[in-house]
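Single-structure report; data block below.
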Protein chains: 4
Amino acid sequence: MTKNKIILATINNFSTHGYHGATMSKIAKEVDIKPASLYYFFESKEDLFKQAIQVILDNHFSSMKTSFFNHKKENITNLFSELFRSIVYHHTSNIVETKAYVTMVSSPIPNIKKEVSEYLVQYNEWLLKNLTGVIKGQYTNLDEHTIRKIIDYFIFIGNGLFWGIVIYDQEGIHKNLTQAIYSMEQYITETLRSENYAK
Amino acid sequence: MTKNKIILATINNFSTHGYHGATMSKIAKEVDIKPASLYYFFESKEDLFKQAIQVILDNHFSSMKTSFFNHKKENITNLFSELFRSIVYHHTSNIVETKAYVTMVSSPIPNIKKEVSEYLVQYNEWLLKNLTGVIKGQYTNLDEHTIRKIIDYFIFIGNGLFWGIVIYDQEGIHKNLTQAIYSMEQYITETLRSENYAK
Amino acid sequence: MTKNKIILATINNFSTHGYHGATMSKIAKEVDIKPASLYYFFESKEDLFKQAIQVILDNHFSSMKTSFFNHKKENITNLFSELFRSIVYHHTSNIVETKAYVTMVSSPIPNIKKEVSEYLVQYNEWLLKNLTGVIKGQYTNLDEHTIRKIIDYFIFIGNGLFWGIVIYDQEGIHKNLTQAIYSMEQYITETLRSENYAK
Amino acid sequence: MTKNKIILATINNFSTHGYHGATMSKIAKEVDIKPASLYYFFESKEDLFKQAIQVILDNHFSSMKTSFFNHKKENITNLFSELFRSIVYHHTSNIVETKAYVTMVSSPIPNIKKEVSEYLVQYNEWLLKNLTGVIKGQYTNLDEHTIRKIIDYFIFIGNGLFWGIVIYDQEGIHKNLTQAIYSMEQYITETLRSENYAK
DNA sequence: CATGAATGAGATTTCATTCAT
DNA sequence: CATGAATGAAATCTCATTCAT
């Protein structure tokens with residue numbers, strides 16, 4: 001479908017050239033149509049980019065949801081490992097969208113900032129709520145504050161993993177994944193021990 | 001000095017609008033001169049951006065060198081904490097340059113990619129060499145491979161810290177700094193223990 | 001057709017203002033379109049001028065071919081007169097192209113020199129071959145060297161005629177034409193006599 | 001002297017790039033000064049070019065005068081040969097000025113046309129007057145009309161020679177010179193014979 | 001004399017957009 | 001659906017010129 005191809009070409013161009021560098025011509029050429037034809041599907045460049053970014057965010061959300069709900073959640077350390085793996089899998093399989101996201105964060109598109117930050121807030125709330133739920137389900141005695149600290153640490157380590165995906169190659173990313181999993185395991189072990197926690 | 005002001009305005013505009021969004025007009029307006037005057041100091045937009053980026057990279061390097069050599073290096077855990085603190089300090093004090101760097105990585109400026117990757121290689125080598133030196137000086141029995149793993153982990157955690165600087169506010173960054181320091185301490189402790197190492 | 005009109009306006013402006021003096025604005029104004037529209041038909045100013053010059057050269061070649069092949073070639077003196085007449089006719093009817101050609105020779109367009117010199121070489125070869133053929137057909141005993149001398153003289157006299165077309169008015173040009181025809185007749189008569197030639 | 005060097009650089013640039021292509025920067029660079037310095041010597045670009053062109057015309061006139069008055073004028077055929085030789089010598093030694101002249105004729109400089117055409121009129125009158133004088137001195141019976149025809153033919157042949165100087169190399173030019181001398185000799189011989197003239 | 005610094009005007013070119021077909 | 005043709009606005013860049021030093 002042409003409209004879809006246009007969105008993909010838009011994401012592709014945006015990720016490597018930024019908003020102003022991603023011209024309607026380049027996008028049209030990638031889809032093998034003329035620039036004038038883009039206006040049959042989209043009202044304007046801004047409209048096109050708004051929709052394209054929505055696709056990136058939707059993909060990200062559904063990818064994260066899928067991996068979250070596909071997991072058995074018997075073991076929390078295991079869950080974090082799985083989530084890290086999902087993050088790596090999602091972002092490496094969609095490296096173009098990932099770089100587009102980074103571009104979005106660093107040089108935000110005029111008039112589209114809002115959508116992105118709203119998504120981030122929404123995503124974080126979702127993640128927080130669900131992770132909290134799972135952890136509570138397994139470690140019933142852990143207080144809210146400790147749970148929050150674990151999730152925060154997970155996000156912190158996830159950030160390192162994320163930036164690694166952007167700047168490293170396959171090999172480097174894999175090394176980071178191992179480090180992330182190890183780090184999280186350590187953190188949980190330590191936390192549980194210091195909390196004098198018994199499952 | 002006009003030339004300097006132009007460079008600063010360029011970094012500023014580049015960091016928020018990307019290469020194509022940072023127009024010569026916007027830059028000139030920020031310096032309160034006319035666009036034509038930019039060409040007295042720089043041959044072309046590309047030339048201007050090349051020099052601006054060189055400034056960013058030079059600043060980063062000298063900032064890292066300063067913080068590295070100003071430290072006493074009596075205690076390695078301490079050194080890593082100090083370096084993390086320096087990273088945070090440098091990037092938060094130069095948030096514009098930092099965002100410019102992220103923009104550079106995600107949507108690289110045509111014909112300037114090379115300079116940036118060359119810098120990264122050079123910086124990594126410098127970091128590796130010096131950190132290796134310090135660690136060796138303090139833990140004389142640690143083998144190369146273990147030292148390398150420690151440094152790799154340091155870089156991995158530093159990446160999380162870095163990305164946090166880009167996307168969080170003061171408070172979030174400070175939280176990340178604590179997490180990073182803790183994480184590194186843990187890692188070193190564990191490593192030394194598992195190596196059955198006695199200083 | 002717009003593209004054609006643009007080419008004509010280009011030749012026109014080039015012939016009187018030279019390459020740098022013939023601006024895209026002037027050309028567009030002459031065609032009654034906006035400068036930006038020129039870029040729908042031509043990639044760049046250089047591209048436009050390349051094509052315009054090709055038109056001049058093509059016109060010249062086809063004009064010369066037509067007049068050469070339309071002639072009966074029974075009498076060689078007559079042929080030369082006819083060719084002179086054709087030169088005058090072609091250049092006075094296309095005085096703009098002719099002046100453009102002179103401009104081209106004196107202040108060549110950057111990166112377009114090659115096309116012009118290649119054309120000149122090609123045209124000279126064509127002229128030489130065909131004139132040689134006709135002369136040989138009529139004066140079977142004339143040796144190659146003599147034929148070549150006659151053609152060279154024809155070209156020499158043609159050059160005087162050509163420059164006269166550029167700098168004189170109708171009357172002056174006509175006077176030159178008479179002189180050229182006379183000169184060529186004399187030369188052939190003298191040459192045949194001195195070669196003791198009998199047809 | 002700087003002013004002189006500027007004039008030479010102007011002629012040089014004008015001859016190869018035309019008026020609009022000969023920029024103040026290029027001229028300044030050739031003299032190894034800054035563009036701003038040109039304005040110490042000349043009021044404006046137009047002023048500079050006016051003076052430069054005056055130099056070309058003055059050089060041409062004095063060169064022609066010298067060669068005319070240095071000749072013994074015993075033999076008219078000889079005089080024409082000498083004048084042709086002078087033309088060739090002057091223009092090949094000053095090929096840059098010559099090409100500048102051609103550029104001037106084909107793409108005249110705005111507001112400077114007048115000076116050039118006035119010079120041409122003046123030069124032609126001078127040439128006519130002096131040649132007429134010499135011819136009359138030697139062939140006292142020749143009527144004005146015949147003299148004028150000879151001079152006209154001389155100019156016509158000179159034009160072929162001139163254009164040859166512009167487009168040919170050393171060898172081609174020399175061949176043209178021979179042809180021109182021969183042509184003029186023939187013409188005079190024929191004219192005298194047909195006028196049934198006895199010196 | 002000479003130039004560093006600056007600029008208005010204008011040149012070439014790009015780009016998002018429109019609209020008739 | 002798609003595009004050929006066109007354009008206003010703006011971007012990059014050039015150029016002649018000025019003026020204080």
Side-chain angles (χ1 to χ4, degrees), chain A residues 1-3 6 17 19-29 31-49, chain B residues 1-3 5-6 17 19-29 31-49, chain C residues 1-3 5-6 17 19-28 31-49, chain D residues 1-3 6 17 19-28 31-49:
Chain A
M1 200 179 124
T2 308
K3 188 172 174 178
I6 295 172
H17 302 118
Y19 181 70
H20 295 283
T23 66
M24 299 302 261
S25 298
K26 282 183 197 155
I27 293 166
K29 184 164 280 169
V31 185
D32 204 26
I33 56 175
K34 304 296 162 196
S37 307
L38 294 173
Y39 290 83
Y40 177 78
F41 300 97
F42 303 92
E43 271 189 357
S44 64
K45 186 179 180 182
E46 195 180 308
D47 177 35
L48 166 56
F49 274 69
Chain B
M1 199 179 130
T2 307
K3 188 173 175 179
K5 283 200 258 173
I6 295 173
H17 302 119
Y19 182 70
H20 296 284
T23 66
M24 298 304 260
S25 305
K26 284 183 196 157
I27 293 167
K29 185 162 281 169
V31 185
D32 200 29
I33 54 174
K34 306 298 163 198
S37 305
L38 295 173
Y39 291 85
Y40 178 74
F41 299 96
F42 303 92
E43 274 189 354
S44 63
K45 185 178 179 181
E46 192 180 310
D47 177 36
L48 166 56
F49 276 68
Chain C
M1 200 178 127
T2 307
K3 189 173 174 179
K5 282 199 259 173
I6 295 172
H17 302 118
Y19 182 70
H20 296 283
T23 67
M24 297 305 259
S25 305
K26 282 183 198 157
I27 292 167
V31 184
D32 200 30
I33 56 174
K34 306 298 163 195
S37 306
L38 296 172
Y39 290 84
Y40 177 75
F41 299 96
F42 303 92
E43 275 190 353
S44 63
K45 186 179 179 180
E46 192 179 310
D47 176 36
L48 166 57
F49 276 69
Chain D
M1 199 179 126
T2 307
K3 188 173 174 179
I6 296 172
H17 302 119
Y19 181 70
H20 294 284
T23 67
M24 298 301 261
S25 298
K26 283 184 197 155
I27 293 167
V31 185
D32 203 27
I33 56 175
K34 305 296 163 196
S37 308
L38 294 173
Y39 290 83
Y40 178 79
F41 300 97
F42 302 92
E43 271 189 359
S44 65
K45 187 179 180 182
E46 195 180 307
D47 176 34
L48 166 57
F49 275 68

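Residue numbers begin at 1 in each chain, while the letters A, B, ... track the order of the sequences. Since this is a predicted model, take the numbers as computed values, not measurements.
- In this entry F:dC1 has no Watson-Crick or G-U wobble partner, no candidate having both defining distances under 3.5 Å.
- Put simply, B:Thr2 has a side-chain N or O that comes within less than 4.0 Å of OP1 or OP2 on E:dA6.
- Note that CD1 of D:Ile6 is 4.0 Å distant from CD1 of D:Ile33, once rounded to the nearest 0.5 Å.
- Looking at D:Phe42 and D:Lys3, their side chains come closer than 4.5 Å, going by heavy atoms from C-beta outward.
- Atom CD1 of A:Ile33 is separated from atom C1' of F:dG4 by 15 Å (rounded to the nearest Å).
- Rounding to whole angstrom units, CE of residue C:Met24 and P of F:dA11 are separated by 20 Å.
- Taking side-chain N and O atoms only, B:Lys34 has no distance below 4.0 Å to OP1 or OP2 of E:dA6.
- When the nearest nucleotides of DNA chain F are assigned to B:Ser44 and D:Tyr19 by heavy-atom distance, the more 5′-ward of the two goes with B:Ser44.
- Atom C1' of nucleotide E:dC15 and atom CG of A:Leu48 are separated by 14 Å, given to the nearest angstrom.
- Annotation: F:dT21 and E:dC1 have their C1' atoms spaced 12 Å apart (nearest Å).
- Residue contacts shown for D:Phe41 are limited to sugar-phosphate atoms, with no base heavy atom under 4.0 Å away.
- In this structure, B:Leu38 atom CG and F:dT12 atom P are separated by 10 Å, rounded to whole Å.
- The NE2 atom of D:His20 sits 11 Å away from the P atom of E:dT12 (whole-angstrom rounding).
- Listed by first then second residue, pairs satisfying salt bridge (charged side-chain N to carboxylate O under 4.0 Å, His left out) with a partner in residues 34-47 of chain B read B:Glu46-B:Lys50, not counting sequence neighbours.
- Put simply, OH on B:Tyr39 is 14 Å from C1' on E:dG10, counting in whole angstrom units.
- Regarding contacts with the backbone of F:dA11, a side-chain N or O of B:Ser25 is found under 4.0 angstrom from either OP1 or OP2.
- Nucleotide F:dA11 holds its C1' atom 13 Å from the NZ atom of B:Lys29, rounded to whole Å.
- Between C:Leu38 and C:Val31, every side-chain heavy-atom pair lies at or beyond the 4.5 Å cut-off.
- Put simply, B:Tyr40 has a side-chain N or O that comes within less than 4.0 Å of OP1 or OP2 on E:dA5.
- With the nearest nucleotide of DNA chain E identified for both C:Lys45 and A:Lys26, C:Lys45 has the one nearer the 5' end.
- Across the strands present, F:dG8 finds its partner in E:dC15; the criterion is a Watson-Crick or G-U wobble pair with both atom distances under 3.5 angstrom.
- Taken to the nearest 0.5 Å, the CE atom of B:Met24 stands 7.0 Å off from the CZ atom of B:Phe49.
- Here the C1' atom of nucleotide E:dC1 and the CD1 atom of D:Ile6 are 11 Å apart, to the nearest Å.
- Residue A:Ser37 has no polar side-chain atom (N or O) positioned under 4.0 Å from OP1 or OP2 of F:dC1.
- For A:Ala36, taking side-chain heavy atoms from C-beta onward, the closest of the listed nucleotides F:dC15, E:dA11, F:dA5 is F:dA5.
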